[in-house]
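Order of the sequence lines sets the chain letters (A, B, ...), proteins ahead of strands, with each chain counted from 1. Fair warning: this is a prediction, and the values are worked out from it, not measured in the lab.
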Amino acid sequence: MSSIVWFRRDLRVEDNPALLAGVRAGPVFAVFIWAPEEEGHYQPGRVSRWWLKHSLALLDSSLRSLGTCLITKRSTDSVSSLLQIVKSTGATQLFFNHLYDPISLVRDHRAKEVLTAHGVAVRSFNADLLYEPWDVNDDNGRPFTTFNAFWEKCLNMPFDPEAPLLPPKRITSGYSPLNAPSFRHAYLVMGDVLTCTTDVLVFEDELEKGSNALLARAWSPGWSNADKALTTFINGPLIEYSKNRRKADSATTSFLSPHLHFGEVSVRKVFHLVRMKQVLWANEGNKAGEESVNLFLKSIGLREYSRYLSFNHPYSHERPLLGHLKFFPWVVNEGYFKAWRQGRTGYPLVDAGMRELWATGWLHDRIRVVVSSFFVKVLQLPWRWGMKYFWDTLLDADLESDALGWQYISGTLPDGREFDRIDNPQFEGYKFDPNGEYVRRWLPELARLPTDWIHHPWNAPESVLQAAGIELGSNYPLPIVGIDAAKSRLQEALSEMWQLEASSRAAIENGTEEGLGDSSESVPFAFPQDIQMEENIEPARNNAPATTRRYEDQMVPSITSSLLRGEHEESSLYLRSSAEDSRAEVPGTVNINREQRRDILNQAIPETARNLQLNFPIGLRNAEDSTAESSSSSRRERDGGVVPVWSPPSSSYPEQFISEESGIGASSSFLQGHPQSHQIINWRRLSQTG
DNA sequence: CAGCGATTGAA
DNA sequence: TCAATCGCT
């Protein structure tokens, strides 16, 4: 009765319900499957892979100290790899912890179906959230649509989040002589050294190794380091969190995000430890401490909410949640995009942030808001481009969190920032970096500029610039876009958007035609070619190249030249055929009025599934789970074996929410045309064994 | 010190 | 925008 424990983004032995279930059930095969191609658009970027590599090594060593080891597999299809492992080991059970991004939801559901069909008992657990998304609803049992209400509810749930589980004391390895007859695969026990039959995973190529070497100076992946980071934070910066959070440059953040992303530490543990501090400080009457805890927990809450949104709106990483935004005329300008990436926009705070991001894979939360809001509001570039760049460069890249962040910044959420608000980086600079230290650190060319001018060098007198060795437009750019120009351009764009929205609405109500947004998606953007930092590039100027507006919702740029076209045939075939099948069923451009349309779509159960180009229905929770999930009494059950699946896209969302049907054409045809539009450079060239 | 408009800052 | 806080009378 051996079992497979399938590790994914839960690379820890403590508070790991799937691992514990496996240990209870008998001998364990701990497995990690590396199948980046499965992630489609969002394969991990360079720094993310660097982290994963080290984290896996540490997980392996802690598993070894407990008596087993980590079996790693290179794969292009996790589910068939699991099946293969089942066959070679004779395991009869599979345990894993839930993930909530759309790709994992689909994959995990399939894993469960396929393995169950092969006679394997599959159980899955919550290890990533305080509460499962389907447990947090408003008084009418509907999902929340704003963060504050959601978080309020989380903090006032009738039951506390589960307390963290202790790590197992010992793990009986599936690879033990005792089990030898039960699997056909070769195994080795040499002396005391346990050898697993693993694939050697390659996470970086030679080029990347050089860039990655620096990362190790600042970061230590792995669960034990995550624990250290947590303790350090709780006993140190936490109490000042509220006071310090507006400084760009102080090391007062928790630095937990990459650890949390890979599940090296469980958020339940973080939550419990932080809450204990809060109780302590509350007793001492330490108001500032309490306030700090509330703020910090709120950021944990945002992480929860990002999963919540992703679960309830599986397209939130690529489509605005507010419907009218699909009519926003984004500016498609590769020059802007490049200047932003290189930190050459002419706004010191933005540029410093972008240089730091490139150099370290890290950015303070405040600065993330600054650079992304500049990207969306001043440059008016499509937010998904920026999100994709973050994805490729951030050490803590996290699809759900980043989608939430960018949607918030872009004003595409019901409770997001106002769309027409432009933050001025000059003023933000003096707020977050009053002495200019942050700018000077990351922009050496401005190092000698006095603080008075550090955040707006374009206003500085010529003599000051000369003394500081700065020649604007030469060794530091002039502002790429003036704030006033950006403001009026934004106003124009917004009124265009509302006009388009209104005429589309009218068209739909008259039953004459679809809105613009649904029909014009077939022309791909000319995507930026290369994300490499090229320092000697001529800086972008005020007289930027002519810009184009596009009225469809944006697509994500391919960051590289797609030398890889064609290699995806297999998976894109799958997507293509199922996408076509589903399109046939969608009442896309039929002449029906809005109400009818809504009804049809609400009835169409596998709608979400179609949106995702699935070839199996997933819209309703599958029968065996539905009892556990729909009756609130058994919902909490931690060992529920519940694989998260969507409920049908709810009609419960406010009118202004984008209806799930719009954009379906955009997405599927986008995939058809650009099956590998997200390839990361060098990705395919990594030779993998197995 | 209440009452008011102004200011500030917000995932 | 909107709510909380500030600062003035």
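- Between A:R441 and A:E437 there is no salt bridge, since none of the side-chain N atoms of the basic residue sits less than 4.0 Å from a carboxylate O of the acidic one.
- The residue A:G405 sits close to a base: some heavy atom pair falls under 4.0 Å.
- Rounded to a whole Å, the CG atom of A:N148 is 7 Å from the P atom of B:dA11.
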Which atom pairs link the protein and nucleotides 8-10 of chain B when you take only N or O atoms and keep those under 3.5 Å?
from   : atom 1 : to     : atom 2 : distance (Å)
B:dA10 : OP1    : A:R246 : NH2    : 3.3
B:dA10 : OP2    : A:R366 : NH1    : 3.4
B:dA10 : N7     : A:R421 : NH1    : 2.9
B:dA10 : N7     : A:R421 : NH2    : 3.3
B:dA10 : N6     : A:R421 : NH1    : 3.1

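- Between A:F147 and A:Y408, a ring centre-to-centre spacing not shorter than 6.0 Å is recorded.
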Indicate every side-chain donor-acceptor pair of residues 230-238 of chain A with a distance under 3.5 Å to a residue at least two apart or in another chain.
from   : atom 1 : to     : atom 2 : distance (Å)
A:T231 : OG1    : A:D227 : O      : 2.8
A:T232 : OG1    : A:K228 : O      : 2.7
A:N235 : ND2    : A:T231 : O      : 3.2

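- With respect to the salt-bridge test (charged N to carboxylate O, under 4.0 angstrom), the residues A:K243 and A:E240 qualify.
- Between the CG atom of A:D423 and the P atom of B:dA11 there is a distance of 13 Å, given to the nearest Å.
- Per the geometry, CG belonging to A:D415 stands 13 Å off C1' belonging to C:dT1, to the nearest Å.
- Nucleotide B:dA11 holds its P atom 20 Å from the CZ atom of A:F419, rounded to whole Å.
- With respect to the salt-bridge test (charged N to carboxylate O, under 4.0 angstrom), the residues A:R8 and A:D128 do not qualify.
- For the pair A:F147 CZ and B:dA11 P, the computed distance is 8 Å after rounding to whole Å.
- Ion pairing between a basic and an acidic side chain is recognised when a charged N comes within 4.0 Å of a carboxylate O; A:R421 and A:D423 show such pairing.
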